[in-house]
Amino acid sequence: MEDAAQSQSTPNAAFTPRVFSGIQPSGGLTLGNYLGAIRRFVDMQESGVQTIYCVVDMHAITVWQEPQALLRQTRELTAGYIAAGLDPEKSILFNQSQVAEHAQLAWIFNCVVRMGWMKRMTQFKDKAGKNAEEASLGLFGYPALMAADILAYHATHVPVGEDQKQHLELTRNTAAKFNHDYGVDFFPMTEPVIEGTATRVMSLRDGSKKMSKSDPSDASRINMTDDADTIARKIRKARTDPDPLPSEDKGLEDRAEARNLVNIYAALSDATVEDVLRDVGGKQFSEFKPMLADLAVAKLAPISKEMARLMEQPDEIDRVLGRGANRAREIAAPILHRTYDIVGMLRST
Ligand code: AMP
Ligand code: TRP
């Protein structure tokens, strides 16, 4: 949020700072989600601005989800939010489908955004693959729903990983086109917040691919629910090169796998890459990997333990989400009403 002051001079000065972000309950949480997103969510919660964090179940079903798995993953992601430090008293935590305003505003935005914008989205191309004709219409329109998630709250800042940059750009374009077409200054120009050394955690098996919950290889990722032995084994087996670690950042050029492990180490220890390399430069991976495994276990084990504890009380999780949804609706409903008025939709009062 360093740029909060700077945005005072932009049209956003009229908007109270408000943070929104979301994660899909389409699988277990990964170390990438934790370092790239959830840790930032917690920082922002502690910074004192209003924070709203969503479990985006409507986005998850843009690709097939088994109903029972979706339910469990929705609760598990919520448990992960709380175990990692999000406090349902301080932040609004809820699942997207309980607040109908998201879908309602998404429809308006479906009529604002252009086909051409959607066709340029790299996440659609990656997820649809060669078989785009068979992809759901929801997967294609996904970014319009994401714009609605954010703009239904007039959110000014959105913490995300690097891969969401293009979607945030589309959100700004959607707000700008709506404002322009209807001659209003209604939606803010939301700023992405992509910060830290772990905005793009890579696969442990292939340094050119993002670590992802949907990768078919479980060895490619660290799941937040992995036990200590599994974490240690995955790190030991992580792909690397035969050279020792360099003592300076530029020695990591063209060494994607080595860079990834150093970045993870830096992020987990709240240090810079330079600091880490000062300590470990010259070491072989056979020595560095156990250090990284110990650090990862020390940071992640308490979170996964707490997640397991929370998952034993699903009713409590559901209650948190229900209460969060009510609070979210209180903010989104008046914004949707004003949107309908701007568009010219009749509303009997
Ligand atoms: P998703 O799991 O696709 O719903 O992503 C949820 C959040 O985690 C988004 O802010 C992503 O940018 C972030 N994220 C997902 N994977 C990674 C990764 N490998 N590295 C950093 N951030 C990530
Ligand atoms: N598209 C995001 C992802 O895959 C998830 C998401 C949905 C989101 N709506 C959002 C993130 C709104 C931030 C704000 O990671």
Side-chain angles (χ1 to χ4, degrees), residues 1-6 29-44 46-47 84 122 159-166 168 191-212 215 217 219-224 226 228 230-301 303:
M1 296 268 308
E2 295 99 311
D3 53 3
Q6 180 196 325
L29 276 173
T30 69
L31 181 65
N33 295 135
Y34 175 63
L35 295 175
I38 300 185
R39 268 199 351 173
R40 300 274 86 78
F41 297 2
V42 177
D43 294 344
M44 293 193 147
E46 300 308 326
S47 78
T122 56
V160 278
E162 180 74 40
D163 60 333
Q164 295 303 310
K165 208 171 171 172
Q166 196 184 33
L168 264 297
E191 313 264 355
V193 183
I194 303 172
E195 283 173 357
T197 43
T199 55
R200 191 167 169 80
V201 177
M202 308 310 282
S203 156
L204 298 180
R205 307 300 308 162
D206 177 352
S208 67
K209 273 180 22 194
K210 167 183 99 139
M211 181 182 286
S212 159
D215 193 311
S217 160
S220 71
R221 64 179 159 263
I222 293 175
N223 303 302
M224 295 304 289
D226 284 344
T230 309
I231 294 175
R233 180 167 41 79
K234 286 179 176 174
I235 291 178
R236 202 168 53 240
K237 289 200 173 155
R239 201 167 129 190
T240 45
D241 55 47
D243 296 333
L245 285 155
S247 36
E248 283 178 28
D249 198 356
K250 63 177 183 328
L252 290 173
E253 271 164 29
D254 302 322
R255 296 179 66 187
E257 282 89 8
R259 172 179 292 281
N260 187 39
L261 296 187
V262 171
N263 279 348
I264 293 173
Y265 193 96
L268 284 171
S269 55
D270 282 315
T272 64
V273 167
E274 291 72 33
D275 290 338
V276 173
L277 292 179
R278 208 171 300 124
D279 290 346
V280 304
K283 285 194 199 301
Q284 296 291 340
F285 279 102
S286 54
E287 201 180 335
F288 178 64
K289 282 177 166 180
M291 289 171 64
L292 177 59
D294 286 348
L295 176 64
V297 168
K299 296 283 174 177
L300 303 182
I303 301 176

Flag for D226-N223: side-chain donor and acceptor within less than 3.5 Å: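 Their side chains do contain a donor-acceptor pair, which is all the 3.5 Å distance test asks for.
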
So do [Y] and [X] actually touch side chain to side chain, heavy atoms under 4.5 Å?
| X | Y | value |
| --- | --- | --- |
| D249 | E274 | yes |
| D243 | R255 | yes |
| V276 | T197 | no |
| V273 | L252 | yes |
| M202 | E257 | no |
| L292 | V262 | no |
| I38 | L29 | yes |
| V193 | M44 | yes |

So, taking the atom named [atom1] in [X] and the one named [atom2] in [Y], what distance separates them when rounded to the nearest 0.5 Å?
| X | Y | atom1 | atom2 | answer |
| --- | --- | --- | --- | --- |
| L300 | Y34 | CG | OH | 7.0 Å |
| S212 | N33 | OG | CG | 8.5 Å |
| T240 | Q284 | OG1 | CD | 9.5 Å |
| I235 | T230 | CD1 | OG1 | 11.0 Å |
| L35 | T30 | CG | OG1 | 8.5 Å |
| D294 | L268 | CG | CG | 12.0 Å |

Pairing of D215 and R221 as salt bridge, 4.0 angstrom limit: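 R221 and D215: not salt-bridged.
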
Pair R39 + D270, salt bridge at N-O below 4.0 Å: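 Answer for the salt bridge query: yes.
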
Might you point out which heavy atoms bring [X] and [Y] nearest each other, and give the distance in Å?
| X | Y | result |
| --- | --- | --- |
| R205 | S220 | CG-CA, 3.6 Å |
| I231 | A296 | CG2-CB, 3.9 Å |
| P290 | F285 | CD-O, 4.0 Å |
| Q164 | V160 | CB-CB, 3.7 Å |
| K289 | K237 | NZ-C, 4.2 Å |
| A84 | V42 | O-CG2, 3.5 Å |

Evaluation steps, side chain to side chain donor-acceptor pair (under 3.5 Å), between D206 and S203: CA-CA 5 Å; D206 177 352; S203 156; over 6 Å; no

Non-neighbouring partners of E46 that pass salt bridge (charged side-chain N to carboxylate O under 4.0 Å, His left out), sequence neighbours left out: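 Partners of E46 under the salt bridge (charged side-chain N to carboxylate O under 4.0 Å, His left out) test: K90.
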
E162 CD: over 12 foreign heavy atoms closer than 6.0 Å: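 Yes, because the 6.0 Å sphere around CD of E162 holds more than 12 heavy atoms from other groups.
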
